[in-house]
Structure formats: C-alpha cells, structure tokens
Amino acid sequence: MQVEQVKPMFINGEWTEAENGETLQVMNPATGEVVGVVSYGDEKEAKKAIAAAHEAFKSWSRLTARERSKHLYALHELIRDHRDELAAIISAEMGKPLREAKGEVLGAADNFLWYAEEAKRVYGETIPSSLANKRIMVIRQPVGVVGAITPWNFPVNMVARKIAPALAAGCTVVLKPAESTPLSAIRLFELIEKAGFPKGVANLVVGKPEAVGKEFTDNPKIRKIAFTGSTRVGKLLMEAAAKQVKRVSLELGGHAPFIVFEDADLDAAVEGLFESKFRNSGQMCICTNRLYVHEAVVDAFSEKLVERLKKAKVGDGRNKETEIGPLVNQQALDKVLEHIEDAREKGGRVIYGGSRLTEGEYAKGFFCEPTVIADVNTEMKIAQEETFGPVVPILPFRDEAAVIEMANDTVYGLAAYVYTQNNSRCFRLAEALEYGIVGVNDGAPTQTQAPFGGFKESGIGREGGYYGLEEFLETKFVSFGI
Ligand code: ADP
C-alpha cells in the first residue's frame with residue numbers, strides 16, 4: 001500500500017503537526033494493512049489546545065444557545081451527508097462491519113441534532129425566599145474547558161456523545177481519541193471545521209495517552225474530564241483529577257448479565273443476545289458477558305443460539321455481508337483466547353466455535369470464531385472478567401432470587417438484560433438489578449435521549465438526553481437583596 005501523507009491534528013482552528021515530529025501508523029485489524037499515518041504529539045500539543053479552548057470559552061460561553069445551536073445543526077447535517085465515508089473509515093481502522101458503522105455514524109449525527117435542540121432548554125429557577133427582602137435565583141452555566149478522552153470501539157459516536165452536549169452547554173473542548181482510531185476523529189474534525197465553529201472551540205490532540213491525560217488532570221484550565229474506557233484508566237484519571245477537585249464523568253467497563261427465564265420468547269431472546277453479544281464482535285462495554293438460562297430451557301435455547309451463529313458471516317468489516325468483524329488487535333484476541341482456554345481447563349464445554357480463524361481471508365487478521373461455552377462456573381475467568389469478544393458463557397439457573405444475586409455479584413454495574421413474558425417479573429428484575437441500564441426483552445437498549453451510564457465501578461455520570469447536558473453545567477445560586 002502506498003505510504004499515506006501524515007495527518008495532522010486540529011488546534012485553535014489550524015491543522016498542526018506534533019512538535020516532537022513523531023508519527024503513528026493506523027492498521028486495519030482485518031488485514032494488517034497500514035490505512036493511515038498520523039502525527040503523534042504529547043503534552044505540548046495538549047497545552048496549546050487547552051490554551052486555545054480557554055481563550056475561546058470567553059466568547060463561546062456567552063453566545064446565546066440559539067447561536068451555538070446553529071453550528072450543531074450544521075454539523076449534524078454534514079455528518080449525515082458523509083455517513084458512508086465516515087463508516088468506511090471506522091471499518092478500515094477498527095474492523096467494524098459497515099452496516100454497524102453506518103448506524104454508529106447516524107447515532108453520532110443524532111447526538112448533534114439532539115443537543116442543538118436541548119441547548120435551548122437549559123432552564124434556571126426562582127425559589128420562594130423565606131425573607132421578605134431577598135429573592136433567590138438559580139442559573140445554570142457551562143463548567144468550562146473540557147478534556148475528553150475516547151476509546152476505539154465507537155470511535156465517532158463516543159466523541160459525539162461528549163462534545164455535542166459540552167458544546168451545547170457552552171463549554172469548549174479538547175479531544176484525545178484512541179491511538180488505534182484517530183482517522184475517523186480527524187475526519188470528524190474536518191467536518192467540525194466546515195460547520196463553522198469559531199477557532200479554539202473544538203480542538204483535536206492525537207497524542208500519547210499518559211502525557212495528554214496528565215496535562216488534562218494537572219492543567220487548572222481544564223475544569224472537567226469526560227472519559228470512556230477501561231475501569232483501570234478511569235480510576236487513574238479520577239484520582240489525579242481529585243487534586244484540583246475537577247469534575248469527571250466516566251463510562252467504564254461492564255460485565256453484563258443476560259437472563260433468560262423459562263417463560264421467555266426464546267427466538268426473541270436469541271436475537272436479543274446476538275445483538276448484545278456479537279455486535280462490534282463483542283467489543284462494547286454493554287455487551288453480554290454472562291448468559292444465565294433457566295435450566296428448563298437451557299438445551300432448547302443453546303440449540304437455537306448455535307443455529308443463529310451458523311448463519312453469521314465472519315469477515316472483513318468492509319464486506320457488505322459481514323456480521324462479525326475481527327477483534328481490534330493481537331492483545332484483544334489473546335485475551336479472548338485465554339478466556340476460552342481457561343474455561344476449557346476448568347470443565348467448560350465448547351459447543352460452538354472456540355478457536356482463532358487463520359485460513360484464507362482470515363490469515364492476516366485478528367479473527368475469532370463466535371463461540372458458545374456450556375457448563376460454565378464462577379471459578380472461570382470468563383464468568384469474572386470482561387471478555388470483550390464474541391464468546392458466550394452459559395450458566396444454567398433454577399431460582400429467580402438466586403439469579404438476581406449472581407447477576408449482581410460483580411464490581412461492575414453498566415448493563416443487564418432480562419427476557420421473560422411475566423410482567424410482574426419484568427418489574428421485579430428491572431428494580432432489583434444493580435445496573436445503570438436494564439434491557440427488558442430488549443438486547444439493544446441505547447438511544448440518544450436515554451441516560452447511559454453505570455453503577456458501581458462501571459462509572460460515574462451519564463451520557464445522553466438531558467442527563468448528558470447536566471454533566472457540563474454548573475449550578476449557581478444568586479441571592480438578591482431588595
Ligand atoms: P481500552 O482497554 O478500551 O483501550 P483504555 O482505558 O486503555 O481502554 O483506553 C481508552 C482511552 O483512554 C484511549 O483514548 C486511551 O488512549 C486513553 N488512555 C489510556 N491510558 C491513559 C492514561 N494513562 N491517561 C489518559 N488516557 C489514557
């Protein structure tokens with residue numbers, strides 16, 4: 001493949017290369033090909049971008065919401081118009097099937113539309129005073145400059161979910177995308193430039209995670225950190241942000257239970273599980289990680305699941321018929337294979353798949369067969385840790401109270417799924433599960449206007465809808481003596 005031109009980053013309205021002169025190659029995980037080369041900076045670019053965002057905040061935060069919205073509407077249109085192009089970039093840099101990538105891009109566009117509208121509804125309040133000579137007014141104001149850090153698994157939408165509400169609220173932003181997926185972020189920022197945002201309002205720093213992250217936590221001009229990624233890094237950022245009592249919102253790891261009761265519609269449950277487990281090759285924080293099936297239907301359910309998987313085409317995400325793409329890199333593949341091996345050693349029975357795919361079209365990529373493991377127990381890594389891959393471990397259960405206890409027995413609390421046709425049970429489970437998101441007879445519960453976020457070590461704060469805007473607002477109480 002021909003060597004690409006080095007792609008720069010976007011700071012203070014200018015396309016800039018890193019002072020250190022370093023570059024980073026971006027690889028397609030389906031083929032091992034280099035699909036782009038980007039300039040790779042560090043704290044120097046982060047400092048410049050933060051200074052620009054700080055300067056821009058002075059005027060951006062004072063615009064009326066309607067004026068800010070104009071740019072957000074424009075960006076929404078531009079993203080929709082470039083849907084196919086953005087989807088192709090996502091697919092090339094991280095392997096996501098094209099159909100899913102297009103869905104992701106539309107989701108990102110929808111965030112800009114939603115927050116263009118929501119920006120106009122940042123209401124305050126007046127509160128009746130206890131004293132005749134005073135009046136109480138409450139206003140909401142943008143928190144300030146935001147440092148946003150995003151992962152590779154939804155490289156466009158994770159950016160949208162942070163910067164759309166931040167910009168709507170009147171904040172300015174410095175974004176650091178993941179190392180493996182800077183190309184889609186760069187294209188998105190070209191559209192941001194086209195949408196006419198004033199210089200310095202939105203800045204893109206492609207650079208070393210520790211160096212840029214440290215600048216975000218230590219530079220007093222950053223007032224808020226919005227992060228999606230691992231629980232490990234989320235904790236580091238929260239700890240470092242505590243030194244200046246910076247606001248943080250964190251979307252971290254998950255370990256989602258998916259519970260199928262004996263009265264469930266098994267075909268709907270199989271489709272729901274397919275969505276929640278195999279979308280993005282199992283690389284989503286809301287992916288099912290433990291499948292609990294009532295013992296009365298476990299055999300019937302397993303058979304239907306295997307039949308469904310036989311129909312799923314694994315391949316390069318850029319092929320139209322692909323349903324399951326590669327894993328993002330060697331490390332991700334190794335972890336998934338390690339979880340399968342560990343389950344095998346501890347008595348798990350692989351009833352479908354179970355290996356890396358290496359022949360023909362799979363030879364150069366990080367492909368793993370969709371896999372189903374029966375007879376799983378809680379000693380196995382797969383029942384304890386986030387697998388982040390296309391593997392379903394089945395744990396049979398008998399009793400509702402016991403399955404709730406097992407489902408909640410984890411430090412994570414992002415998403416949980418329940419399939420049952422008993423209405424009372426739907427409510428009991430929805431309330432008893434200690435998770436920020438519960439899909440009841442729904443394997444794909446996310447929408448732009450709904451609050452997305454976790455309990456426990458899955459995070460803090462919410463993205464989506466009004467809740468997502470709140471994260472970028474301060475509350476000010478003004479007392480008037482009259
Ligand atoms: P994953 O395991 O999904 O890659 P990470 O938490 O490692 O999750 O990465 C998510 C994002 O966090 C990426 O943009 C990555 O570059 C960034 N990141 C990783 N380590 C740090 C760090 N020490 N400080 C700030 N950001 C980091």
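Just so you know, ligand 1 is whichever comes first in the structure, and atom 1 is the first atom listed for that ligand.
Scanning the protein heavy atoms around atom 23 (N) of ligand 1, the nearest turns out to be E210 CG, 3.8 Å. For atom 17 (C) of ligand 1, the closest non-hydrogen atom on the protein side is I149 CG2, 3.7 Å. Protein heavy atom closest to atom 20 (N) of ligand 1, with residue, atom name and distance, is V233 CG2, 3.5 Å. Among protein heavy atoms, atom 18 (N) of ligand 1 sits closest to P209 CB, 3.6 Å. In terms of protein heavy-atom proximity, atom 13 (C) of ligand 1 is closest to T150 O, 3.4 Å. The protein non-hydrogen atom at the shortest distance from atom 4 (O) of ligand 1 is W152 NE1, 3.3 Å. At the top of the distance list for atom 16 (O) of ligand 1, counting protein heavy atoms only, stands E179 OE1, 2.4 Å. The nearest heavy-atom contact from the protein to atom 8 (O) of ligand 1 is S230 N, 3.5 Å.
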Next item on the list: Under the side chain to side chain contact (heavy atoms under 4.5 Å, CB included) rule, what do H82 and L78 come out as? Steps first, then yes or no, please.
Entry: CA-CA 6 Å; H82 291 79; L78 283 164; 4.1 Å; yes
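Of all the heavy atoms of N153, none lies under 4.0 Å from any atom of ligand 1, so neither backbone nor side chain is involved. At a 4.0 Å heavy-atom cut-off, ligand 1 does not touch F216 at all.
Pairs of residues two or more places apart, or lying in two chains, that qualify as ring pair (Phe, Tyr, Trp, His ring centres under 6.0 Å) and include a residue from residues 171-220 are W60-F197, H71-F197.
Residue E17 holds its CD atom at 8.0 Å from CE of M9, rounded to the nearest 0.5 Å. One distance of note links NZ of K48 with CG of N12; it measures 10.5 Å at 0.5 Å rounding. Atom CG in D218 sits 9.5 Å away from atom CD1 in I50 (nearest 0.5 Å).
Heavy atoms of F227 come nearer than 4.0 angstrom to ligand 1 in at least one pair.
The shortest N or O to N or O distance between R232 and ligand 1 is not below 3.5 Å.
Classification of K47 and E215 as a salt-bridged pair holds, one side-chain N sitting under 4.0 Å from a carboxylate O.
Figure legend: cation-pi geometry between R161 and F452, with NZ or CZ positioned under 6.0 Å from the six-membered ring centre and within 45° of its axis.
In summary, the aromatic rings of Y73 and F112 are positioned with their centroids too far apart to meet the 6.0 Å limit.
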